[in-house]
Chemist: 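One structure, as structure tokens, below. Some questions next.
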Amino acid sequence: MKILLHMCCAPCATYPLKILRNKQFNIEGFFYNPNIHPQDEFDHRKSTVEEYSHIVDLKVHYDFDYQEQQWLDYKDDNRCKMCYEIRLEATAKYASENNYNGFTTTLLVSPYQQHELIKEICESLSKKYNIKFIYYDFREGFREGQNTAKELNLYRQKYCGCIYSYREREMKINAKWYRNCFFMPNKKNNFNR
């Protein structure tokens, strides 16, 4: 059975790929992530997928569409749903149009993603494009996958990908720095003379 695996990044692909290959599926990857901010982060994640695909002998198809402005224009709290729908619809459509027997996504490995929403979207797209959604709850292997990525020396990003998650991460880093400089007992800050 030929399966198209949507890949959000290389580290998240390690465990799902292992499981799917153990199930004797013929897997090809699909890198489509127009949400990743900034452009150099997009490029870094793409090159890490390229590196990983060579290590594990995985054929990967790439769609280099980059839609940063769409995320800047989207103010609703449901931006994660929009993000999932855009990426997963492109995956299901590509799979349907290119003679795959099914599709799935590495998004199902992360305990930080909205698992049930992703599953619901994929099931809906399965019907829309008449292509089988191959569902596995990969979350139990998240740490194993991250350890594999570390052993392979793959770049492991520190935020989901969109401009909003990037800003949230920056705010946390800045808040931690501020607390450490001014509020930690027995620590000198840079402003003491």
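Computation of the quantities below employed the complete heavy-atom set of this structure, encompassing side-chain atoms and omitting hydrogens, waters and symmetry-equivalent molecules.
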Chemist: Looking only at non-hydrogen atoms, find the nearest pair between I118 and Q113 and report the distance.
Modeler: CD1-CB, 3.7 Å
Chemist: Is there a donor-acceptor contact under 3.5 Å from the side chain of Y84 to the main chain of Q114?
Modeler: yes
Chemist: Pair Y135, H115 - check ring-ring contact (aromatic ring centres under 6.0 Å, His included), show working.
Modeler: CA-CA 11 Å; Y135 173 72; H115 190 91; 5.7 Å; yes
Chemist: When you check the gap from the basic side-chain N to the acidic O, do K81 and E85 get nearer than 4.0 Å?
Modeler: yes
Chemist: Side-chain contact test, heavy atoms from C-beta onward, threshold under 4.5 Å: evaluate it for L17 versus I27 and give yes or no.
Modeler: yes
Chemist: Under 3.5 Å, is there a donor-acceptor pair between the side chain of T14 and the main chain of A149?
Modeler: no
Chemist: Under 3.5 Å, side chain of S126 to main-chain N/O of C122, donor-acceptor pair present?
Modeler: no
Chemist: Is the F103 to Y129 ring centre distance short of 6.0 Å?
Modeler: no
Chemist: Below 4.5 Å, heavy atoms only, C-beta onward: do M7 and L58 meet side chain to side chain?
Modeler: yes
Chemist: Please assess Y100 against E28 for the test side-chain hydrogen bond (donor to acceptor under 3.5 Å, both in side chains), listing each intermediate value before the final yes or no.
Modeler: CA-CA 9 Å; Y100 289 85; E28 291 184 2; 2.4 Å; yes
Chemist: Please find the pair of heavy atoms, one from P16 and one from C12, that lie closest to each other, and give the distance.
Modeler: CD-O, 3.1 Å
Chemist: So how far is it from R156 CZ to K150 NZ, rounded to the nearest 0.5 Å?
Modeler: 5.5 Å
Chemist: Kindly indicate, with the supporting measurements, whether the criterion side-chain contact (heavy atoms from CB on, under 4.5 Å) is fulfilled by N26 and R21.
Modeler: CA-CA 7 Å; N26 175 14; R21 281 184 167 171; over 6 Å; no
Chemist: To the nearest 0.5 Å, tell me how far T104 OG1 sits from L5 CG.
Modeler: 6.5 Å
Chemist: Would L154 and E51 count as a side-chain contact (heavy atoms from CB on, under 4.5 Å) if you check the C-alpha gap in whole Å, the side-chain angles of each, and the deciding distance to 0.1 Å?
Modeler: CA-CA 8 Å; L154 297 175; E51 176 188 354; 3.9 Å; yes
Chemist: Kindly indicate whether the side chain of E144, heavy atoms from C-beta on, has any atom under 4.5 Å from the side chain of K18.
Modeler: yes
Chemist: Run the numbers on E41 and R45 for salt bridge (Lys or Arg N to Asp or Glu O under 4.0 Å), then give the verdict.
Modeler: CA-CA 6 Å; E41 179 71 17; R45 293 187 195 194; 2.7 Å; yes
Chemist: Has S53 got a side-chain atom pairing as donor or acceptor with E50's backbone, closer than 3.5 angstrom?
Modeler: yes
Chemist: Please round to the nearest 0.5 Å and tell me the distance separating atom OG1 of T105 and atom OH of Y136.
Modeler: 15.0 Å
Chemist: Is it the case that the side chain of H6 and the backbone of Y32 share a donor-acceptor pair, with hydrogens and angles ignored and the cut-off at 3.5 Å?
Modeler: yes
Chemist: Counting distance only, does the side-chain N/O of S96 pair as donor-acceptor with the main-chain N or O of A92 below 3.5 Å?
Modeler: no
Chemist: Is the H61-F30 ring centre distance short of 6.0 angstrom?
Modeler: no
Chemist: With no hydrogens and no angle check, just 3.5 Å: does a side-chain donor-acceptor pair link Q146 and Y15?
Modeler: no
Chemist: Without swapping roles, check the side chain of N101 against the backbone of M1 for a donor-acceptor pair under 3.5 Å.
Modeler: no
Chemist: Could you report the tightest heavy-atom contact between F142 and S110, atom names first, then the distance?
Modeler: CD1-CA, 3.9 Å
Chemist: Specify the closest pair of heavy atoms between T106 and C9, including all atoms of both residues, with the distance to one decimal.
Modeler: OG1-N, 4.5 Å
Chemist: Taking only Lys NZ, Arg NE, NH1 and NH2, and the carboxylate oxygens of Asp or Glu, determine whether K93 and E97 approach each other closer than 4.0 Å.
Modeler: yes
Chemist: L107 vs L88, test: side-chain contact (heavy atoms from CB on, under 4.5 Å). Steps then yes/no.
Modeler: CA-CA 10 Å; L107 292 167; L88 296 171; 4.3 Å; yes
Chemist: Enter the distance from T48:OG1 to N153:CG here, rounded to the nearest 0.5 Å.
Modeler: 10.0 Å
Chemist: Flag the pair K119 / D137 as yes when at least one side-chain heavy-atom distance between them is below 4.5 Å, and no otherwise.
Modeler: no
Chemist: Counting only N and O atoms by type, is there a donor-acceptor contact under 3.5 Å from the side chain of S124 to the main-chain atoms of E120?
Modeler: no
Chemist: Is any side-chain heavy atom of V60 closer than 4.5 Å to a side-chain heavy atom of Y52?
Modeler: no
Chemist: Does either side chain, that of E151 or that of N147, offer a donor lying less than 3.5 Å from an acceptor on the other one?
Modeler: no
Chemist: May I ask you to decide if R87's main-chain N or O and N35's side chain share a donor-acceptor pair within less than 3.5 Å?
Modeler: no
Chemist: Any side-chain heavy atom of L20 sitting closer than 4.5 Å to one from F138?
Modeler: yes
Chemist: For the atom pair CD1 (I131) and CG (N98), what is the distance rounded to the nearest 0.5 Å?
Modeler: 9.5 Å
Chemist: Taking the six-membered ring where the residue is Trp, are the ring centres of F42 and F31 under 6.0 Å apart?
Modeler: yes
Chemist: Could you measure the distance from the CZ atom of F133 to the CD1 atom of I121? Nearest 0.5 Å is fine.
Modeler: 10.0 Å
